[in-house]
K.L.:
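Take a look at the following structure, please.
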Protein chains: 2
Amino acid sequence: MIKKVLIAEDQECANMSLQKALEELGITDIDYVYYCDDALASIQRSKHSNESYDLLITDLSFEEDGRLQKITGGKELIQAARQVQPDLRVLVFSASREAATIETLDKTLDADGYVRKARNDAKELKEAIDKISKNQRHFPRYIIDLVKQKNAHDFTRFDIAVISLLAQGTLQKDIPAHLQKSGIKPSGLSSVEKRLNLMKETFDFSKNEQLVAYCKDMGII
Amino acid sequence: MIKKVLIAEDQECANMSLQKALEELGITDIDYVYYCDDALASIQRSKHSNESYDLLITDLSFEEDGRLQKITGGKELIQAARQVQPDLRVLVFSASREAATIETLDKTLDADGYVRKARNDAKELKEAIDKISKNQRHFPRYIIDLVKQKNAHDFTRFDIAVISLLAQGTLQKDIPAHLQKSGIKPSGLSSVEKRLNLMKETFDFSKNEQLVAYCKDMGII
DNA sequence: AAAACCTTTACGGATTCCCGTAAATAATAG
DNA sequence: CTATTATTTACGGGAATCCGTAAAGGTTTT
């Protein structure tokens, strides 16, 4: 059963809506914060006073402003929170539709649910909270499709490094040196060329510029 | 004075928060829709029954779903709405931070204000509505900086065409043919090369990939 | 209409990239 | 330890690009 909830969401509007949705579910013990660091502090404090939260609802991306923060995003917050309180349920509420991100939340960070800011998000939130309170997980259908679609190509750490370097203006022939400095293997020029070719073939692209544009669109870089 | 408001926002949560913010300002005559087409229909209907809206608050991007829509985004909605009711005030509420987009809203579409979904967006919304009701406009400070920054280089129709072609995988040497087909002048390969060089020099870039990445980030292509 | 100026295009050498093949190295199996 | 396989790297010829210079085509001034 979910009684005590913490909301970590920097958008005031979204934060308000989350509170309202929870109240409509009969959950009244709600704290809300606008920064990740505040969220972690609240979790620590409530744990020490034996009033642990049952659920954390968090956004993924938090805007930077004057206040310098240790934790800058939802993913890091989830990890830090679980270190403090491993049994904490986590529901992510974000606008992101990146398959890679959502897959990480599901598989690696072991979040209990994901609701995307979109049409009917309020209804879906209630549904998700309901399911989580019954020890179920909530990752919507369309994500499975997205993940499949994305898996037309798995962008490895290597791929992303190479494309990022290109997008930063690094000459192709200079990429091996940069890769070595970052300790990424392989680092040979031929490996870079081969991998770029593979990616371009996969997507039926002809030029690196296309690859950069695609990765920008997909939020991969 | 603003009495009657229409909200066009597909995210249920954001829509709810907008309603709440308006109510806190003492505005009670609120309609809300989740689709652009519905918004336009409401505007037409209310105008014909002499109960025109004073203000339209709209998002920019609307999610596609099963319902096929004629108007697919906030920009088109603004244009269509102004055709029906030229004196309609428009406040845009979106997560976009692209300078190009916001500049278009200000200069071309002549929106009355822009509030970004971010920290303190609820407060800013109220401020914006207050200003608009006093016949002022509300475009936040940081946008001016963004626009300035962007205007380090004026991207011409020619520039955008060339960079777009690159991002689509067109070989540089094939670009002249495409430009001619689109009736864009100049179209010589040397002109393309020269212009690319100028742009790269302006931004201190070394490669086309960098230019593509930048234009993607800025929403130029 | 000639001169001066600016824009666009043409050309060519140096560099970089593309791409196929082959060698070298690492990993796995027998 | 050797054989087999897979991965990584090296090499080289051809294509595309970068970049500087010069010619061609327009426009404005006098």
Side-chain angles (χ1 to χ4, degrees), chain A residues 151-218 220-221, chain B residues 151-218 220-221:
Chain A
N151 283 350
H153 179 74
D154 280 322
F155 285 89
T156 64
R157 188 172 134 74
F158 177 75
D159 296 339
I160 293 169
V162 169
I163 298 173
S164 298
L165 284 168
L166 281 178
Q168 288 161 27
T170 315
L171 288 181
Q172 206 161 299
K173 72 184 175 69
D174 295 334
I175 287 182
H178 284 84
L179 290 176
Q180 281 179 347
K181 211 170 357 181
S182 310
I184 295 173
K185 279 193 297 191
S187 63
L189 180 57
S190 292
S191 298
V192 171
E193 291 173 341
K194 179 172 281 185
R195 194 72 188 168
L196 283 171
N197 279 338
L198 172 69
M199 289 191 277
K200 281 184 275 190
E201 198 173 338
T202 306
F203 292 108
D204 197 25
F205 289 167
S206 55
K207 307 214 350 143
N208 289 339
E209 284 91 332
Q210 239 173 324
L211 210 48
V212 169
Y214 176 81
C215 289
K216 277 286 176 193
D217 280 340
M218 290 292 139
I220 296 167
I221 60 170
Chain B
N151 282 350
H153 178 74
D154 280 322
F155 286 89
T156 64
R157 186 171 134 73
F158 177 74
D159 296 339
I160 294 169
V162 169
I163 297 173
S164 299
L165 284 169
L166 282 177
Q168 290 160 27
T170 315
L171 288 181
Q172 207 160 299
K173 72 185 174 71
D174 295 334
I175 288 182
H178 284 84
L179 290 176
Q180 282 180 347
K181 213 172 354 185
S182 310
I184 296 174
K185 279 192 298 191
S187 63
L189 181 57
S190 293
S191 298
V192 171
E193 291 174 340
K194 179 173 279 185
R195 194 71 188 168
L196 283 171
N197 279 338
L198 172 69
M199 289 192 278
K200 280 185 276 190
E201 199 173 337
T202 305
F203 292 109
D204 198 25
F205 289 167
S206 55
K207 309 218 347 149
N208 290 340
E209 284 91 333
Q210 237 174 327
L211 210 49
V212 169
Y214 177 82
C215 289
K216 276 287 175 193
D217 280 340
M218 288 293 140
I220 294 166
I221 60 170

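Each chain gets a letter, A, B and so on, in the order the sequences are listed, and its residues count up from 1.
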K.L.:
Applying a 4.0 Å non-hydrogen cut-off, can you work out what A:Lys194 is touching in the nucleic acid: base, sugar-phosphate, or nothing?
P.N.:
base
K.L.:
Report yes if a side-chain nitrogen or oxygen of B:Ser190 is closer than 4.0 Å to either non-bridging phosphate oxygen (OP1 or OP2) of C:dT8; otherwise report no.
P.N.:
no
K.L.:
In whole angstroms, how far is the C1' atom of C:dC18 from the CG atom of A:Leu198?
P.N.:
15 Å
K.L.:
Roughly, in whole Å, what's the span from CD in B:Glu209 to P in C:dT16?
P.N.:
14 Å
K.L.:
Can you tell me if A:Asn208 and A:Lys200 form a side-chain donor-acceptor pair at under 3.5 Å?
P.N.:
yes
K.L.:
What is the distance, rounded to the nearest whole Å, between atom CD of A:Gln172 and atom C1' of C:dC19?
P.N.:
12 Å
K.L.:
Whole-Å distance between C:dT15 C1' and B:Asn197 CG?
P.N.:
14 Å
K.L.:
Applying the side chain to side chain contact (heavy atoms under 4.5 Å, CB included) test to B:Ile175, which of B:Leu196, B:Leu166, B:Leu189 qualifies?
P.N.:
B:Leu166
K.L.:
Is there a side-chain contact between B:Lys207 and the phosphate of C:dC17, meaning an N or O under 4.0 Å from OP1 or OP2?
P.N.:
yes
K.L.:
Below 4.5 Å, heavy atoms only, C-beta onward: do B:Phe155 and B:Ile221 meet side chain to side chain?
P.N.:
no
K.L.:
Give the nucleotide from the list C:dC17, C:dC19, C:dT9 with an atom nearest to the side chain of A:Glu193.
P.N.:
C:dC19
K.L.:
Name the first nucleotide and the last nucleotide along DNA chain D (5' to 3') that come under 4.0 Å of a heavy atom in chain A.
P.N.:
D:dT8 to D:dT17
K.L.:
I want to confirm an ordering. Mapping A:Thr170 and B:Gly188 to their closest nucleotides on DNA chain C, which one lands closer to the 5' end?
P.N.:
B:Gly188
K.L.:
Hey, is the main chain of B:Glu209 close enough, under 3.5 Å, to the side chain of A:Glu209 for a donor-acceptor pair?
P.N.:
no
K.L.:
Using a cut-off of 4.0 Å on non-hydrogen atoms, how would the nucleic acid contact of B:Leu171 be classed: base, sugar-phosphate, or nothing?
P.N.:
sugar-phosphate
K.L.:
With distance as the sole test, does B:Ser206 use its side chain to make a donor-acceptor pair with the main-chain N or O of A:Gly169 at under 3.5 Å?
P.N.:
yes
K.L.:
Rounded to the nearest 0.5 Å, what separates atom SG in A:Cys215 from atom CE in A:Met199?
P.N.:
7.0 Å
K.L.:
Using whole Å, report how far CZ of B:Phe158 lies from C1' of C:dT7.
P.N.:
12 Å
K.L.:
Quickly work out the A:Lys173 NZ to C:dT15 C1' distance and round it to whole Å.
P.N.:
8 Å
K.L.:
Distance-only, no hydrogens or angles: does the A:Thr156 side chain make a donor-acceptor pair with backbone N or O of A:Phe158 under 3.5 Å?
P.N.:
yes
